[in-house]
Each structure stands twice: as C-alpha cells, then as structure tokens.
Amino acid sequence: PAPQVVLSRQYGSEGRFTFTSHTPGEHQICLHSNSTRMALFAGGKLRVHLDIQVGEHTNNYPEIAAKDKLTELQLRARQLLDQVEQIQKEQNYQRYREERFRMTSESTNQRVLWWSIAQTIILILTGIWQMRHLKSFFEAKKLV
C-alpha cells in the first residue's frame with residue numbers, strides 16, 4: 001500500500017514536536033531541509049536530535065495523576081496495568097514472529113525434501129541411461 005502521511009510539520013532553524021501514533025505497525029520518519037541558508041549559517045552542518053519512545057514508557061504519569069486526580073496507589077496500579085498490557089503486546093508479537101518463522105522453516109524443509117527427491121531421481125535415471133549406453137557400446141564393439 002502507498003504510504004499515508006500522518007503528520008507533516010515545517011519549522012524554522014529549530015523545532016520540536018510530540019506525536020502519538022494510534023495505529024500499530026511500521027512507521028517511517030522522513031526529515032529534509034529545503035533551505036540552503038540554514039546550512040550556511042550552521043557552518044555547513046545540520047544537527048538533528050531524534051528521540052523515539054515506544055510502549056508504556058511514553059506515558060507522563062505525573063501529568064496523568066494530576067489530570068485524573070489519582071492517589072499514589074491508584075497511579076502505581078495504573079502503571080502496573082500499563083506494564084502488563086505492554087508485556088501482553090510483546091508476547092503477542094513474539095507469538096506472531098514464531099508462527100511466521102515456523103511457516104518459513106516448514107516451507108524450506110518442504111523444498112529441501114523435494115529437491116533431494118528430484119536429485120535422487122535424476123541420479124537413478126542417469127545411472128540407468130549410462131548402463132544402457134555402455135551395454136549397447138560394448139555390444140557394438142563385440143566385447144560382450
């Protein structure tokens with residue numbers, strides 16, 4: 001499928017943004033500079049700091065506690081629930097990867113088996129052809 005632009009921003013010489021993806025899957029980050037003046041002022045260098053956080057580590061728990069008026073115990077319980085959810089997601093992902101790897105392994109094993117059978121058949125047919133050819137050769141030379 002064609003890439004879908006989820007977020008597009010333009011900044012001057014400095015910029016900062018936070019983005020939370022609500023869809024799982026692969027995401028691509030593209031950065032580019034369309035100004036040659038910026039490169040001249042920076043001495044020909046462009047510095048980019050990229051900090052990517054994934055999972056439950058992205059939650060700002062003090063902010064959540066203040067917004068929802070949670071006690072320390074409620075906040076800790078929420079953190080634990082988020083950690084359990086993250087572990088569950090990781091387990092599901094590992095199960096998916098294991099299933100894909102098993103399918104790849106089975107496919108490879110199947111191909112190796114058929115290739116071995118084909119080689120054996122070719123070897124047997126070549127042996128039969130050689131025996132017939134040699135027998136007719138020796139009969140033509142009247143050695144047998």
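What you see is a predicted model, and the numbers here were worked out from it, not measured in a lab.
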For the OG1 atom of Thr104 and the CD atom of Glu106, what is their distance to the nearest 0.5 Å?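 It is 9.5 Å, given to the nearest 0.5 Å.
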
Residues that, via side-chain heavy atoms closer than 4.5 angstrom, fall in one hydrophobic cluster with Trp114: Leu113, Ile117, Ile121, Leu125

Would you indicate whether the side-chain heavy atoms of Leu123 and Gln119 approach each other to under 4.5 Å? no

Pairing residues for Glu98 by the salt bridge (charged side-chain N to carboxylate O under 4.0 Å, His left out) criterion, not counting sequence neighbours: Arg102

Do the side-chain N and O atoms of Gln86 and Glu90 include a donor-acceptor pair separated by under 3.5 angstrom?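 Looking only at side-chain atoms, Glu90 and Gln86 do not form any donor-acceptor pair under 3.5 Å.
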
Check whether any side-chain N or O of Ser107 sits under 3.5 Å from a backbone N or O of Met103 as a donor-acceptor pair, and report yes or no. no

For Trp129, enumerate each residue passing the ring pair (Phe, Tyr, Trp, His ring centres under 6.0 Å) test, keeping only those at least two apart in sequence or located in another chain.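 Partners of Trp129 under the ring pair (Phe, Tyr, Trp, His ring centres under 6.0 Å) test: His133.
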
Specify the closest pair of heavy atoms between Arg95 and Asn92, including all atoms of both residues, with the distance to one decimal.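 So the two residues come closest at NH1-OD1, 3.0 Å.
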
